[in-house]
Q: 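Below is one structure. I have some questions about it.
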Amino acid sequence: MKPLGTVISTEESPTTQEFSFVLEEGAPVKKNQFIQTASEEGTVFGLVREITRANRYFERAESVAEYEKESSISTHFPVKSWEYAIGEVRILGLMNKVGDKYRHWRVSLPPSPGAKVLPADEQMLNDFIGFQPDGLMLGKLQNHDVQAKVSMTRLLQKHLAILAMSGAGKSHLASVMLEELLDRKKEDGRISVVVIDIHGEYIGFKSDPKYGKQVRIVEGKSISVPFSNLNPELLGTLFPDMTGPARVELGKILKQMAEDSKQNNTVYGMQDLIARVETAGMNKNTKDSLMRPLYELLSMRLIHPTRKNPNLYELRPGEMLILDLSDLDDQKRKKAIVTLIASRLFKLRRKGSIPPFMLLVEEAHNFAPERSKSVHTPSKFVIEKIAREGRKFGAALCVVSQRPVQLSTTTLSQCNTHVILRVTNPNDLDHIRQSSEGLDDRTMRSITSLKVGEGIIVGEAINYPAFVEIRDRKSRKMEKGEPLHLQAIKFDSDQQKKEEEEDDEIEAFLD
Ligand SMILES: Nc1ncnc2c1ncn2[C@@H]1O[C@H](COP(=O)(O)OP(=O)(O)OP(=O)(O)O)[C@@H](O)[C@H]1O
Ligand SMILES: [Mg+2]
């Protein structure tokens, strides 16, 4: 391998923590690139944190200014040949091979000045970062020809948060991850995926020739719980402030209705329940505390006399259920759906009735907001519960948010892996810094200069924070909602048509 440069001796380095090297002319060294060099302890592994360039001819401001007045300095001197570049390296450890894998050790001696600096060996890099051959291929490691293959278990078991500003590529990354999950072979372990799709961004999977068969879409409007499943516990999950006595009364009435339903062979709905509560003899306060949630539930149209949609028992490993909520306007209804689906998934999973799953929640700050009590946002309670307890049961959470500051800190801190794409808002950056371990100042600065589709993975999934370039999608991208300019053209031409028709009508009338 061609050397990239040579370790130099400066006042501060080399130490056991850092060293500098002078770059060979034209060496393809980049910031945030991994390198290696040899010491008597073995192979020292490090990361180029910064590159500086220097040139003796340009060191003294007054002489540069003086020369440049007449003509360029370069016409008088061979300035180019005096330019050199220095790479500053942070030492990350020793990497020595044990068996067929590289192991990581602490450095106790610095590399010697004069030692050659080489590009990091590919296998060493994989072993250092902790990429795995059978992992989810999310893209490539920045500055290296190494595929970013992240272990599914390490990425998801202790939950994942995808954080970035709007348009940075969060949903794109989520789609790439979904492809990888759908592509998994049975023998590698396949999970079910449930997607809370707020904007109808994932529906393209259904019409994709490769993935379509593994995907089912349920539209928000058709999501319903059959009346026979309604019980005090379910209502209590949706309306946590319902009082104990109200639950007891509800339990009694529902029990009676179930018996009547069996006896008379009739099906009941919300209206029947409300009518029965209205005429039932009970304390007025209890009745009031029961009527409000019942009316709210009625207006959400979530309870259907018989229909159960989706039937979560039908979840299969290697398949994906997309709940397309883009047809709903009512925020409360969306939150109620997320609450019901998430709590039911968790319950069924705990009983072992459904496969291990990942629940992907887009716009997670709306469903698990930091500044809202569970009473107003019952989904927050359920999401936090899965975040805290899910890993024992194979219930994984992937939260996606462009407003990390507004996302529940409990949820965020339980997400042991964060993928952070471009973020520029200082508040969001601060918040991310506090909730993600292993991010130093320099790395934080790099996050603001990421391009769309570039990000950093930190946390449980890998051994060391890694900048990655997310790969292209393989699946069909299809979004609800046409681009703005097409909507504008359509509106204009519709308007014109309407006016012409009106003109025709007037003319016909005048004729
Ligand atoms: N790695 C990538 N390669 C190619 N295109 C990408 C990549 N990442 C994102 N894009 C494109 O950039 C655009 C924005 O990406 P995306 O919709 O994923 O952003 P987002 O972070 O989910 O935004 P929002 O917060 O608005 O939901 C899309 O057109 C997407 O196809
Ligand atoms: Mg998005």
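For ligands, and for the atoms within them, numbers begin at 1 and follow the listed sequence.
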Q: Would you check whether Arg473 reaches within less than 4.0 Å of ligand 1, judged by its heavy atoms?
A: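 Judged by the 4.0 Å heavy-atom criterion, Arg473 does not count as contacting ligand 1.
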Q: Look at atom 28 (C) of ligand 1 and find which of Lys477, Arg422, Arg471 reaches it with the closest heavy atom.
A: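 Looking at heavy atoms only, the winner is Lys477.
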Q: Any side-chain heavy atom of Arg445 within less than 4.5 Å of one from Asp441?
A: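 They are in contact (side-chain heavy atoms under 4.5 Å apart), so the answer is yes.
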Q: Taking 4.0 angstrom as the limit and counting only heavy atoms of Asp472, give me the atoms of ligand 1 inside it, by number and element.
A: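 Counting atoms of ligand 1 from 1, those under 4.0 Å from Asp472 are 3 (N), 4 (C).
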Q: N/O to N/O below 3.5 Å, does that happen between Glu362 and ligand 1?
A: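 No: no nitrogen or oxygen of Glu362 is under 3.5 Å from one in ligand 1.
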Q: Using a cut-off of 6.0 Å, state whether more than 12 heavy atoms not belonging to Asp494 lie near its atom CG.
A: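 Correct, the count exceeds 12.
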Q: How would you list all residue pairs meeting ring-ring contact (aromatic ring centres under 6.0 Å, His included) that involve residues 386-423, not counting sequence neighbours?
A: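 Checked against ring-ring contact (aromatic ring centres under 6.0 Å, His included) - neighbours excluded - the pairs reaching residues 386-423 are Phe346-Phe393.
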Q: Indicate yes or no for a side-chain donor-acceptor contact from Arg190 to the backbone of Leu181 under 3.5 Å, with no hydrogens or angles considered.
A: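 Answer holds: no.
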Q: May I ask you to identify the nearest protein heavy atom to atom 26 (O) of ligand 1, giving residue, atom name and distance to one decimal place in Å?
A: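 So the nearest neighbour among protein heavy atoms is Ser166 OG, 2.8 Å.
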Q: Please report how many protein N/O/S atoms lie under 2.8 Å from the Mg ion (ligand 2).
A: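 Those protein atoms number 1 in total.
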Q: For Ile203, which of Ile217, Val215, Asp208 qualifies under side-chain contact (heavy atoms from CB on, under 4.5 Å)?
A: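 In the set Ile217, Val215, Asp208, the residue that makes a side-chain contact (heavy atoms from CB on, under 4.5 Å) with Ile203 is Ile217.
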Q: May I ask whether Ala164 has any heavy atom positioned less than 4.0 angstrom from an atom of ligand 1?
A: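 It does not; every heavy atom stays at 4.0 Å or beyond.
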Q: Regarding atom 17 (O) of ligand 1: of the candidates Lys170, His199, Glu201, which has the closest heavy atom?
A: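 Minimum heavy-atom distance to atom 17 (O) of ligand 1 goes to Glu201.
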Q: Ligand 1 and Val452, any nitrogen or oxygen pair closer than 3.5 angstrom?
A: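 There is no such contact.
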Q: Would you call the rings of His104 and Phe128 parallel, tilted or perpendicular if under 30° counts as parallel and over 60° as perpendicular?
A: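 Rings of His104 and Phe128: perpendicular, as their planes differ by over 60°.
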Q: Any heavy-atom pair between the side chains of Glu460 and Thr417 that's under 4.5 Å?
A: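 Answer yes - side chains close enough.
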Q: Please check if atom NZ in Lys30 has more than 12 non-hydrogen atoms from other residues, nucleotides or ligands closer than 6.0 Å.
A: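 Atom NZ in Lys30 is not packed in, count stays at 12 or less.
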Q: Which ligand 1 atoms, with their elements, are less than 4.0 angstrom from a heavy-atom of Ile470?
A: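 Those atoms are 1 (N).
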Q: Among protein heavy atoms, which sits nearest to atom 27 (O) of ligand 1, and what does the distance come to when rounded to 0.1 Å?
A: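 For this ligand atom, the closest protein heavy atom is Ser171 OG, 3.9 Å.
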Q: Check for a donor-acceptor pair, side chain of Ser379 on one end and backbone N or O of Thr339 on the other, with a separation under 3.5 Å.
A: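 Such a contact is absent between Ser379 side chain and Thr339 backbone.
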Q: Among all the protein's non-hydrogen atoms, which is closest to atom 14 (C) of ligand 1, and how far away is it?
A: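 So the nearest neighbour among protein heavy atoms is Gly167 O, 3.5 Å.
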Q: Is there a heavy atom of Met165 sitting under 4.0 angstrom from any atom of ligand 1?
A: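 Yes, that is the case, since the closest heavy atom of the residue is under 4.0 Å from the ligand.
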Q: Has the side chain of Glu179 got a donor or acceptor atom that lies under 3.5 Å from a matching backbone atom of Ser475?
A: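 Checking the backbone N and O of Ser475 against the side chain of Glu179, a donor-acceptor pair under 3.5 Å is found.
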Q: For the pair Gln123 (side chain) and Asp100 (backbone), establish whether a donor and an acceptor sit closer than 3.5 Å, ignoring hydrogens and angles.
A: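 Answer holds: yes.
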Q: Do other residues, nucleotides or ligands put more than 12 heavy atoms under 6.0 Å from the NZ atom of Lys140?
A: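 Yes - once you tally the heavy atoms of other residues, nucleotides and ligands closer than 6.0 Å, there are more than 12.
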Q: I need the nearest protein heavy-atom contact for atom 19 (O) of ligand 1: residue, atom name and distance, please.
A: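 Nearest protein contact, heavy atoms only, for atom 19 (O) of ligand 1 is Gly169 N, 3.1 Å.
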Q: Just to confirm my output: which protein heavy-atom neighbour is closest to atom 18 (O) of ligand 1, and how far is it?
A: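 Going by distance alone, atom 18 (O) of ligand 1 is nearest to His172 N, 2.8 Å.
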Q: Walk me through it: do Arg90 and Asp440 pass the test salt bridge (charged side-chain N to carboxylate O under 4.0 Å, His left out)?
A: CA-CA 12 Å; Arg90 175 143 124 229; Asp440 57 17; 3.1 Å; yes
